[in-house]
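Quick note on labels: first sequence line is chain A, next is B, and so on, each numbered from 1.
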Number of protein chains: 2
Amino acid sequence: MSSGSDQQDIKREKILEAAYQRFLHYGYSKTTMNEIAGDLSLSKALLYYYFPDKSQLYIAVMRKLAAEYIQKLQNKLNKFDNLREAFIFQIDTQHDFVVKNYNFFDFFRVNEQNLPDTIWEIITEIHQTEMVLLSAAIQIEADKGNIKPVDNPGEIVDLLLDALHGVRVSAVSHKKAMFPQKEHLEEIHTKRLLLLDIFIKGLMY
Amino acid sequence: MSSGSDQQDIKREKILEAAYQRFLHYGYSKTTMNEIAGDLSLSKALLYYYFPDKSQLYIAVMRKLAAEYIQKLQNKLNKFDNLREAFIFQIDTQHDFVVKNYNFFDFFRVNEQNLPDTIWEIITEIHQTEMVLLSAAIQIEADKGNIKPVDNPGEIVDLLLDALHGVRVSAVSHKKAMFPQKEHLEEIHTKRLLLLDIFIKGLMY
DNA sequence: AAACTGACTATTTAAACAAAATTATCAAAA
DNA sequence: TTTTGATAATTTTGTTTAAATAGTCAGTTT
């Protein structure tokens with residue numbers, strides 16, 4: 001499947017790492033190809049030897065991040081004691097992911113309405129992984145008889161994820177900050193736990 | 001409290017109405033004071049006789065819309081048979097309000113992060129009215145013994161409103177449209193009803 | 001005096017253009 | 001095959017000017 005030598009792959013990795021650091025610290029638009037090349041003491045032209053253009057480089061980094069995130073989720077598949085635990089894991093993991101890479105995602109905010117299809121595919125893939133993980137957790141809980149049998153676990157998961165998302169969005173837009181402050185993070189987390197408890201309770205008999 | 005003659009109030013009202021129509025059809029920034037004056041066959045200078053500036057005129061219209069919306073809610077205070085009905089009323093009423101005045105609110109989208117304090121006050125007032133209405137509904141339901149007693153109904157209402165908001169936001173951002181299409185509206189509504197049912201169930205014993 | 005206006009000024013937005021920065025290419029070297 | 005310096009192409013940024021619009025005010029009408 002994969003073409004190219006080991007050497008090539010190693011260099012590719014180095015470029016991805018350097019690019020990631022730049023994108024993370026300065027955002028997509030304030031990072032130049034020259035700077036990435038400079039960090040590696042390479043010529044800019046070499047970057048174009050390994051990646052067709054800047055946006056493809058960004059997407060390649062994104063893909064790597066997504067793969068790590070997905071891996072983290074898949075490691076826990078079917079490893080939960082109960083539904084609540086599964087959702088808390090997803091909430092915390094996603095939260096860490098977003099916080100850690102906040103600046104990296106400025107690409108999303110800038111290109112808002114017309115993200116490349118490839119990005120959408122990555123987002124979809126992440127979403128599906130979350131769905132699989134959490135749907136399984138719901139199914140298990142239903143099989144154990146702790147909650148009502150659900151004909152479509154995915155639908156329920158989707159709904160709860162949307163609702164949890166709302167808790168974040170509202171907290172942000174009520175206040176005027178673009179990104180929740182440290183203090184608000186705690187509040188959001190508390191609210192989410194409350195919502196989660198009520199929701200799970202609502203699934204019971 | 002209110003100063004100025006009846007005549008003055010009537011003219012003020014006419015200006016507000018004309019301004020509303022313009023703002024609604026063309027948005028804030030694409031509406032000129034000249035046009036509003038023209039619609040009423042008045043000189044632009046007269047608008048400044050009644051309102052200090054353009055943004056204050058806009059805010060005055062906003063205040064009027066908010067007052068009507070708040071009135072609609074207050075009319076139904078303590079008039080619901082059950083909690084679900086109350087929330088459905090709030091969901092539908094808010095939805096209609098947002099859809100009907102969608103263009104009018106472009107002011108919000110443009111000024112995004114730095115809305116005038118007055119606007120925030122209006123938003124807060126609306127939110128508080130919703131809280132009072134729905135908190136009361138929760139309290140009644142608790143008193144009837146249909147759900148667990150809650151020490152802080154406001155907290156619960158706030159949480160559910162956030163969650164419902166999330167259902168809208170997610171539906172919008174998953175697809176690429178800025179505003180949900182007709183088809184999605186139905187989907188959002190269905191999801192919200194489902195969420196509402198689970199949530200209310202989660203509040204029970 | 002209160003309601004109103006035309007003519008004026010002050011600001012903001014838009015267009016056009018040049019300059020600078022950055023992306024992207026390519027022939028040639030290592 | 002990998003790498004680069006030089007260069008072309010494109011995008012962004014800054015500047016100037018013109019146009020549009022917000023906002024003011026002395027003075028007229030009711």
Enquirer: Ion pair present between A/Lys191 and B/Glu155, side-chain N to carboxylate O less than 4.0 angstrom?
Expert: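 No, A/Lys191 and B/Glu155 are not salt-bridged.
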
Enquirer: Are the ring centres of A/Tyr20 and A/Phe23 closer than 6.0 Å?
Expert: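 Between A/Tyr20 and A/Phe23, the centre distance exceeds or equals 6.0 Å.
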
Enquirer: Just how far, in rounded Å, is P of D/dT1 from NZ of A/Lys11?
Expert: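 After rounding, the reported distance stands at 16 Å.
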
Enquirer: Tell me the interatomic distance from A/Ile36, atom CD1, to C/dA24, atom C1', rounded to whole angstroms.
Expert: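 Going from CD1 in A/Ile36 over to C1' in C/dA24 covers 14 Å.
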
Enquirer: Is the ring centre of B/Phe87 less than 6.0 Å from the ring centre of B/Phe80?
Expert: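 No; B/Phe80 has its ring centre 6.0 Å or more from that of B/Phe87.
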
Enquirer: Anything under 30° is parallel, anything over 60° is perpendicular, the rest tilted; go ahead and classify A/Phe104 against A/Tyr58.
Expert: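 Rings of A/Phe104 and A/Tyr58: parallel, under 30°.
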
Enquirer: Whole angstroms only, please: what is the NZ-C1' distance between B/Lys54 and D/dT24?
Expert: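 Value for this atom pair: 17 Å.
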
Enquirer: Give me, pair by pair, the N or O atoms of the protein and of nucleotides 5-7 of chain C that are less than 3.5 Å apart, along with how far apart they are.
Expert:
from  : atom 1 : to      : atom 2 : distance (Å)
C/dT5 : OP2    : B/Ser43 : N      : 3.1
C/dT5 : OP2    : B/Ser43 : OG     : 3.2

Enquirer: Nearest to the side chain of B/Tyr48 - C/dA24, C/dC4, D/dG23?
Expert: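 Nearest to the side-chain atoms of B/Tyr48, counting from C-beta on, is D/dG23.
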
Enquirer: Are OP1 or OP2 of C/dA2 and a side-chain N or O of B/Gln8 less than 4.0 angstrom apart?
Expert: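 So the side chain of B/Gln8 is outside the cut-off, no N or O lying under 4.0 Å from OP1 or OP2 of C/dA2.
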
Enquirer: Could you tell me whether the side chain of B/Asn111 and the main chain of B/Asn114 form a donor-acceptor pair under 3.5 Å?
Expert: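 No.
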
Enquirer: Look at B/Tyr50 and C/dA3 and indicate whether a side-chain polar atom (N or O) is within less than 4.0 Å of OP1 or OP2.
Expert: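 No, B/Tyr50 has no side-chain N/O under 4.0 Å of OP1/OP2 on C/dA3.
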
Enquirer: What are the two closest non-hydrogen atoms of A/Pro153 and A/Gln139, and how far apart are they?
Expert: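 Closest approach of A/Pro153 to A/Gln139, heavy atoms only: CG-OE1, 3.4 Å.
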
Enquirer: Could you tell me how far apart B/Ile15 (CD1) and C/dA3 (P) are, to the nearest whole angstrom?
Expert: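 So the CD1-P distance, B/Ile15 to C/dA3, works out to 11 Å.
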
Enquirer: Closest approach of A/Arg12 and A/Ala60, non-hydrogen atoms and distance?
Expert: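 Nearest heavy atoms, A/Arg12 then A/Ala60: NH2-CB, 4.4 Å.
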
Enquirer: When you measure from the side chain of B/Lys54 to the backbone N and O of B/Thr31, does any donor-acceptor pair fall under 3.5 Å?
Expert: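 Yes.
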
Enquirer: Specify the closest pair of heavy atoms between B/Glu35 and B/Lys30, including all atoms of both residues, with the distance to one decimal.
Expert: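 Scanning both residues completely, I find the closest heavy atoms to be OE1-O, 3.8 Å.
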
Enquirer: Rounded to whole Å, how long is the line connecting atom CG of A/Leu47 with atom C1' of C/dT22?
Expert: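 Taking CG of A/Leu47 and C1' of C/dT22, I get 13 Å after rounding.
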
Enquirer: Calculate the interatomic distance between B/Lys30 atom NZ and D/dA20 atom C1'; express it in whole Å.
Expert: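 Result: 14 Å.
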
Enquirer: Using atom CG of A/Asp53 as one end and atom P of D/dA8 as the other, report the distance to the nearest whole Å.
Expert: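 After rounding, the gap between these two atoms is 22 Å.
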
Enquirer: With a 4.0 Å cut-off on heavy atoms, is A/Ser29 in touch with a base, just the backbone sugar-phosphate, or nothing at all?
Expert: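 Nothing: the residue A/Ser29, judged by heavy atoms under 4.0 Å, touches no strand.
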
Enquirer: Look at all strands and tell whether A/Thr31 reaches a base, only sugar-phosphate, or nothing, counting heavy atoms closer than 4.0 Å.
Expert: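 Sugar-phosphate, no base atom in range.
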
Enquirer: Over the length of the helix from C/dA1-D/dT30 to C/dA30-D/dT1, how much do the five-pair end axes diverge, rounded to 10 degrees?
Expert: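 Answer for the end axes of this duplex: 30°.
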
Enquirer: What is the distance, to the nearest angstrom, from the CG atom on A/Asn34 to the P atom on C/dA24?
Expert: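 After rounding, the reported distance stands at 12 Å.
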
